[in-house]
Each structure stands twice: as structure tokens, then as C-alpha cells.
Amino acid sequence: MQQLALDIGLASGPLLTNFFAGPNQAALEHLQLWAGSPTRSPVPTYLWGPEGSGKTHLLEAVRAALRDQGGKVGWLDPGVAEPPEFDEDWAAVLLDDVQHYTAVQQHAAFNWFVNAQGLQRWVLGAGTLPPADLPLRDDLRSRLGWGHVFQLQLLSEPERRAVLRQQADARGIFLSDEVMDFMLRRFSRDLASLVQLLDHLDGYALQTQRAITIPLIKSMLEHT
């Protein structure tokens, strides 16, 4: 069971307003308050929880909020093999999936962290483990844990159903209870995968001019 992050398929992309918080309301409100405040606290924030709990969605949503305000951010995830130098124009530093950082990335993250704090800029990090358990160099691990720390929880099946329904409504798709039961029973219960499946179904239904039904799902699987 995975967190309800509305981060796949919507044209608007990940936003704080389209994150279904469920039990993670405190973390969402914290980020909304920070992103919406003209005088932002420089105290760092760290989010941790299992895969699919919405961490990346929230980091990307904060990045989008700052960009809408004309701000630049530093972004580092395990896919950034050669991190750039810290930029004093950054309004914040965002560190995603920190548990997978290489030695080079850890060095860059620590450098960014120190520079950001020196300039009273915010650092928002995220990982699958609590700060004390992260397989990182001590100085980086300790800095990730000294500010606000929020543990994100996975959502219940009713909550995941609610998000699927919300995603379907956003696309103008009708999902019957029968179809939703089939999707939850026959496919990955990871919400991100389910919403991606919904995207494929939407495209296939438009292509074939048919409503989304169980036979349509089976037909799509046979022809794709």
C-alpha cells in the first residue's frame, strides 16, 4: 500500500495543493507554511518514510512553489552524478533519496548544507530512513537530523481508492467499483503504478473510443 501522492499524469505536476496527505497532514502543513511565508525559517526539514510515501512529490511541489515565486533551488538526487557548485542565488536546497548518495554526492550535499545555513537558506531533505540510520558520513547525517523531522506514513486502501477516484475525475474518467477492484487485485498496489496504469487506460480508451471496463483493460494488455 503506497502513499497518495498525486504526482503522475496530471498536467499541473506535483503541487502542495494536489498532495493527498492522509496521516501526513502535519508535514504538509509545515511545508505549506514555509513555502507561503515571506520570512522563511532557515531551520532544515527532513522527511522520511517508505518508498511511495510521497517524499519526492513534496520536494518537487516545494520546488514548483518556489519557482512560481521566481526563486531558484538547488536539487540533488542519486541521478545527479556531478552535482554543481552551490549557487548563492538559490532560495533553498532540496536533497532527495539521500540514503543512496555516493561519496561525491554526500560531499556536495554537505557543502550545499553548510553554505545554505551560512546564508540563512532552507534545506529540505528526504530519505527512506530516520536520520540516525542513514548510511551517510557523520557530519551530513547529523545535520539532516537537527531540524524538523517528519515521518511519512503509507496510506490505507480506502485512501488510495480516494486518490484513484480523484485522479480519474481529474481526467474525466468514470471508474466503476468493479474496475477499481480489478485494478487493485490484479496489478501492483503501489499507488504510483496504479495511477500510471490509469494514464495508459485513459489513452487506450480514447484510442479505441470505449469506456474503461474490465474487458478494455484485458484488451489493452493483449495489444500493448
Side-chain angles (χ1 to χ4, degrees), residues 2-77 80 83-84 86-98 109 112-128 130-131 140 143-156 159-160 162-163 165-167 169-171 191-192 195:
Q2 302 295 328
Q3 168 73 15
L4 301 173
L6 307 184
D7 59 353
I8 297 179
L10 290 181
S12 58
L15 302 173
L16 293 173
T17 53
N18 64 20
F19 179 78
F20 192 106
N24 303 313
Q25 188 65 31
L28 176 61
E29 290 178 357
H30 172 78
L31 299 182
Q32 288 174 324
L33 180 64
W34 185 91
S37 173
T39 56
R40 300 186 175 100
S41 167
V43 177
T45 299
Y46 178 72
L47 312 175
W48 71 276
E51 295 292 341
S53 58
K55 301 182 298 297
T56 298
H57 176 106
L58 289 172
L59 264 65
E60 291 181 346
V62 167
R63 177 169 61 177
L66 294 179
R67 284 179 171 174
D68 286 346
Q69 298 166 22
K72 296 169 58 180
V73 302
W75 177 279
L76 182 60
D77 62 45
V80 182
F86 180 84
D87 187 335
E88 292 188 1
D89 290 335
W90 288 345
V93 165
L94 308 180
L95 309 172
D96 197 21
D97 279 334
V98 298
W112 288 11
F113 210 120
V114 170
N115 279 283
Q117 292 298 289
L119 293 171
Q120 299 289 288
R121 308 290 165 75
W122 191 46
V123 178
L124 172 60
T128 57
L140 177 58
R143 279 169 171 76
L144 288 168
W146 76 262
H148 303 287
V149 177
F150 293 91
Q151 180 181 4
L152 300 187
Q153 305 287 339
L154 296 175
L155 301 187
S156 66
E159 288 168 326
R160 288 186 297 117
V163 170
R165 186 76 68 193
Q166 191 172 348
Q167 289 276 300
D169 290 346
R171 294 166 173 76
L191 186 72
V195 177

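It should be emphasised that the depicted structure is a prediction, and the values quoted were computed from it without experimental measurement.
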E29 CD to F150 CZ distance, which is reported to the nearest 0.5 Å
9.5 Å
Shortest non-hydrogen contact from F113 to V123?
CE1-CG1, 3.6 Å
Residue pair W146 / V43, side-chain heavy-atom distance below 4.5 Å
yes
Would you say E159's side chain and S156's backbone share a donor-acceptor pair under 3.5 angstrom?
yes
Can you confirm if the aromatic rings of H148 and Y46 lie within a centre distance of less than 6.0 Å?
no
Heavy-atom pair with the smallest gap, counting every atom of Q117 and P42
NE2-O, 3.2 Å
May I ask you to decide if G36's main-chain N or O and Q32's side chain share a donor-acceptor pair within less than 3.5 Å?
no
Quick one: does any side-chain atom of Q69 pair with a main-chain N or O of A35 as donor and acceptor, under 3.5 Å?
yes
Kindly compute the distance separating CG (L95) from CG (D77), expressed to the nearest 0.5 Å.
10.0 Å
When rounded to the nearest 0.5 angstrom, what distance separates CZ in R160 from CG in L154?
9.0 Å
Between K72 and D87, does any side-chain N to carboxylate O distance fall below 4.0 Å?
yes
Treating R40 as the side-chain partner and W34 as the backbone partner, does any N or O pair qualify as donor plus acceptor under 3.5 Å?
yes
Closest non-hydrogen atoms of P84 and W112, given as atom of the first, atom of the second and distance, are O-NE1, 3.1 Å
How close do E51 and T128 get, heavy atom to heavy atom, and via which atoms?
OE2-CG2, 3.3 Å
If you round to the nearest 0.5 Å, how far is CG of L119 from CD of E88?
5.5 Å
Ignoring hydrogens, what is the shortest heavy-atom contact between L59 and L94? Give both atom names and the distance.
O-CD1, 3.5 Å
Any side-chain heavy atom of P44 sitting closer than 4.5 Å to one from L144?
no
Judged by atom type as modelled, is there a donor-acceptor pair below 3.5 Å linking the side chain of K55 to the main-chain atoms of D96?
no
As an exercise, state the distance from CD of Q153 to CD of Q25, rounded to the nearest 0.5 Å.
14.0 Å
Got a donor-acceptor contact below 3.5 angstrom from the W48 side chain to the P131 backbone?
no
Donor-acceptor contact below 3.5 Å, side chain R63 vs main chain L58
no
Do R121 and N115 have side chains that get closer than 4.5 Å, going by heavy atoms?
no
Flag side-chain contact, heavy atom, 4.5 Å: L31 against L124
yes
Measure the CG-CG distance between L15 and D68 for me, rounded to the nearest 0.5 Å.
7.5 Å
Any idea which heavy atoms bring S53 and N24 closest together, and the distance?
O-ND2, 4.3 Å
